[in-house]
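Note that this is a predicted model, so its numbers are computed, not measured. Just so you know, residue 1 is the first one in the sequence shown, and it goes up from there.
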Amino acid sequence: MLAAAGASGVAALAGCAGGDGGSTEDAGGEGTPTEQQRTENTPDPDSEFQVYDAELHNGYIANPTDMHFNSAANQNYAWPAGRLVFAPFLKYSFTEGEFLLGALSDLEIADGTVTMTFRDDLMWDDGDEWTTEDLEVQLELARKTGSSLWGYLDSYEIVDDKTAELTLSGPTNPRIIRFELTNFFVDTKAETHEQWLDKDAAEFLQWAWEDPVSSAMFSFVNKDRQAFEFERNENFYKADNVNFERYFLDSYGGNNAQHQALISGRDIDAATSLFTPPEIAEQFADNVVEVNVPAKWGYGIVFNHGDSHFGKRAVRQAVAHVIDREALVANAGPRTKFVSPTPCGIAPRDQEYWLDDTIDSFETYGQGETQTEQATQLLQDAGYEKVNGTWQDDSGETLGGDYFSPAGWTDWTTMTQTVVSQLNEFGFDFSVTTQPTNDWFGNYSGSNFKMGSFYWLPGGSRSAFPYFPLYFQLWATDISGGHGYRELAESEQTIPGMDGGEMSLTPLETVSEIARQPSDEDAREYVQRAAWHSHIELPFLGLVSKYEQSWTTSDDWTEPSQSNPNRRVKWPPFWWVHEGELQYDGE
C-alpha cells in the first residue's frame, strides 16, 4: 500500500519481475566481499535522484507496544524493526554462498587477528559520526552479556576512528567469525549505552530501549498497537538507495490476516516471513512475489531438564520415537518443509557432509513412523506403567501437561496439533496451549513448563555451521537457559558410544572445540562427537526445517534478479532496501 505524490525528478530504478521456485539449502561458504561487490549496487552519485512521497507497508505479527530496540535483550526485541534502524556489519547471501559487506568496508582474518574497518560515511541519524568509541562500548557490553563472539576472543585494540583489531584466543575457523559478525548490527551508541557498562548485565538485559538512534535506512518515528512507523534517514550511508519516505511495520496479529491482505494485493507491500500453504499462495494477487531462502531454522521440541519426568533421557527418547516427523511436514507444508533425517543438532541438509561415514551409526528415531515398541520399552525400563491407556509413574502422576505453542503461527499450530495427537494416542497426556509470543517465551525463560514447541536451530546463515545450532541447544540463549541444561552441559557425561561402548565428554567443551579448529576437516571429529551427544541426550528434539517464505509485491516496487547476490539474503524487505534493489517504481 502506498501513496505516491510530488515526484520532481527521475529515478533510475532497477529490477525485474518473477517469482522464485524452490531452492537448495546451502551449507554455507567462505569468502570476503570484493570492492566490486560492495559498490556495484550503489547508485552513481552524479545521477539525478528522486525521493518519492511513498510508503511501504510490511506485515508484522506482534504488538509493537510490547516490543523494544535493545537487541541484547532477546525477549521482546523487535527484530524486524531493528533491521530498519540498525545497519548490519555484513550479511550472507544464499544465492552464491558469499558474504556481503554492510557497515564494514573491509574485513580481514589472518594470523589470529580479525581486522574490522568500518565505512568512513557511517553516521547516526542524529547527525553524529559513528566512531570506534561506539564499537568499544558495544564490545564491552557484548562481553558483559556473554556474547558468543567473546568465546573466540582474548582482547581487542582500537586502531583508529574506523578500525579495530580483535585478537583470537586460538585457532579459529574464519567462517565462524564471519558468521558471528553477521549477527552484529550498528546498534550501540556510546552516548546512550555507556550508562550500562558499570551495571549488572541483568539490568542491561531488562532495558526496553524505546527511542533508538538509527544507523540504517530509516529513523524511528512512532509505534502503537497498529504499527511501527519509520521515516527515511538522510544520514544513512546509502541514502541514495532509498527513494521513498516512509516504512510501516503493520501489526496483523497472525498469519491469516496477512494472507487475506496478500490475496487482495492492495493493503500490503511485503511480508517478511509468512508461512503460506500452496492452496493459499495460489490465491495471492498477481503482483505478489515469493522469495525462498534456506531458513536453517525450524520446528522442534524443548524439554525442561529440571522436570522430574522430561529431565530423564529415556522419556525424551521415547518422545522422539513416538513422533512421525514426515506427518508433521505433510500436514503443515510439504512444499517448503522437510524433516531432519536424524535428531542430532545439525541442520538437516548439512548432516551428510558433517557426519560422513558415521551417519549410519545414528538412530533415525522413526523418520516416517511411530515406533511404539521402542518407546514402550524405554518407558517401562524407566519405571513407568500404562494404566487405562495413559503412562504413569509409581505415584500415579501421568506423563504430560500443557504443551505450549505460539498463537498466530499457523504452521506451528498445525505441527503442534500433530505432535500432541501422536503423543496422546501413544499414552501421553498433553493439552495444547497457544499463547502470545511473549508469554510463550516467558514460560520457557522462567522454566515454567514440561516440554513444548520451540525452534531447535538458532536460524540465519550461522545455522549452516554446526557449532551454532549445537551450542544453541546446550545453552538456549534465547530463553536464558530456561530449559535447565547449562549445568549439565558444563559437566562431564558418560553416554553410550557409537561403537557400542561408552563415550565420556563435557558437551560444552566439545562444542567449543569446533570453533577452535582452523578448517572443516579439523573440526569434523568434534562435530561428530557433539552431534552424537545431542542425538543421545536430546537437549532439544529437532524435527523439521524449512525454506523461509518471504513476500514482496512487484507492481509498485522493484526487485533484484534471480541471480543477483542480494536475492536470497535474510531478509528481502530490509536488505533489498539497503542495497537499492527494492525501490518505489509506481510513478
Counting the benzene-type ring for Trp, do [X] and [Y] have ring centres under 6.0 Å apart?
X: F228; Y: Y60; answer: yes
X: W571; Y: W79; answer: yes
X: Y299; Y: F454; answer: no
X: H578; Y: W575; answer: yes
X: Y252; Y: H57; answer: no
X: F338; Y: Y547; answer: yes
X: F220; Y: F218; answer: no
X: F184; Y: F86; answer: no

Indicate yes or no: at least one non-hydrogen side-chain atom of [X] is less than 4.5 angstrom from one of [Y].
X: N241; Y: V577; value: no
X: T553; Y: V289; value: no
X: E290; Y: Q549; value: yes
X: F236; Y: D125; value: no
X: D269; Y: D556; value: no
X: M123; Y: D121; value: no
X: D520; Y: F465; value: yes
X: E231; Y: E245; value: no

Check [X] against [Y] and note the closest heavy-atom contact, atom names and distance.
X: Q473; Y: G345; answer: NE2-CA, 3.4 Å
X: L262; Y: A271; answer: CD1-CB, 4.3 Å
X: A81; Y: F69; answer: CB-CE2, 3.6 Å
X: P174; Y: P518; answer: CD-O, 3.9 Å
X: P560; Y: R567; answer: O-NH1, 2.6 Å

Would you give the length of the straight line joining atom [atom1] of [X] to atom [atom2] of [Y], rounded to the nearest 0.5 angstrom?
X: L84; Y: L56; atom1: CG; atom2: CG; result: 9.0 Å
X: L90; Y: T182; atom1: CG; atom2: OG1; result: 6.0 Å
X: L470; Y: C344; atom1: CG; atom2: SG; result: 7.5 Å

So for atom CD, which belongs to E133, do other residues, nucleotides or ligands contribute more than 12 heavy atoms lying within a distance under 6.0 Å?
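Count not over threshold, so no.
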Give a yes or no on whether E234 atom CD has more than 12 heavy-atom contacts from other residues, nucleotides or ligands under 6.0 Å away.
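Not buried by this count: 12 neighbours or fewer within 6.0 Å.
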Look only at the side chain of [X] and the backbone of [Y], and say whether a donor-acceptor pair between them is shorter than 3.5 Å.
X: K189; Y: V213; result: no
X: E352; Y: R349; result: no
X: R568; Y: N292; result: yes
X: N243; Y: Y584; result: yes

Does a side-chain N-to-carboxylate-O contact under 4.0 Å join [X] and [Y]?
X: R516; Y: E509; result: yes
X: D53; Y: R246; result: yes
X: R178; Y: E180; result: no
X: K223; Y: E210; result: yes

Which of these passes side-chain contact (heavy atoms from CB on, under 4.5 Å) with F472: D478, V511, L457?
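For F472, the side-chain contact (heavy atoms from CB on, under 4.5 Å) test succeeds with only one of D478, V511, L457, which is D478.
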Tell me which one of E136, E194, H193 satisfies side-chain contact (heavy atoms from CB on, under 4.5 Å) with L141.
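Running side-chain contact (heavy atoms from CB on, under 4.5 Å) over E136, E194, H193 with L141 returns exactly one hit, H193.
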Using the rule ring pair (Phe, Tyr, Trp, His ring centres under 6.0 Å), only one of Y247, F244, W551 pairs with W557; which is it?
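Result: among Y247, F244, W551, F244 is the only option passing the ring pair (Phe, Tyr, Trp, His ring centres under 6.0 Å) with W557.
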Looking at Y156, does the NZ or CZ of R143 lie under 6.0 angstrom from its six-membered ring centre and within 45 degrees of the ring axis?
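Relative to the ring axis of Y156, which defines the angle, R143 lies outside at least one limit.
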Test ring pair (Phe, Tyr, Trp, His ring centres under 6.0 Å) applied to Y77 and F441, step by step:
CA-CA 12 Å; Y77 169 59; F441 268 89; over 10 Å; no
Checking Y92 against F179 for the ring pair (Phe, Tyr, Trp, His ring centres under 6.0 Å) test, could you report, in this order, the C-alpha distance in whole Å, the side-chain angles of both residues, the deciding distance, and whether it holds?
CA-CA 8 Å; Y92 181 76; F179 278 129; 5.2 Å; yes
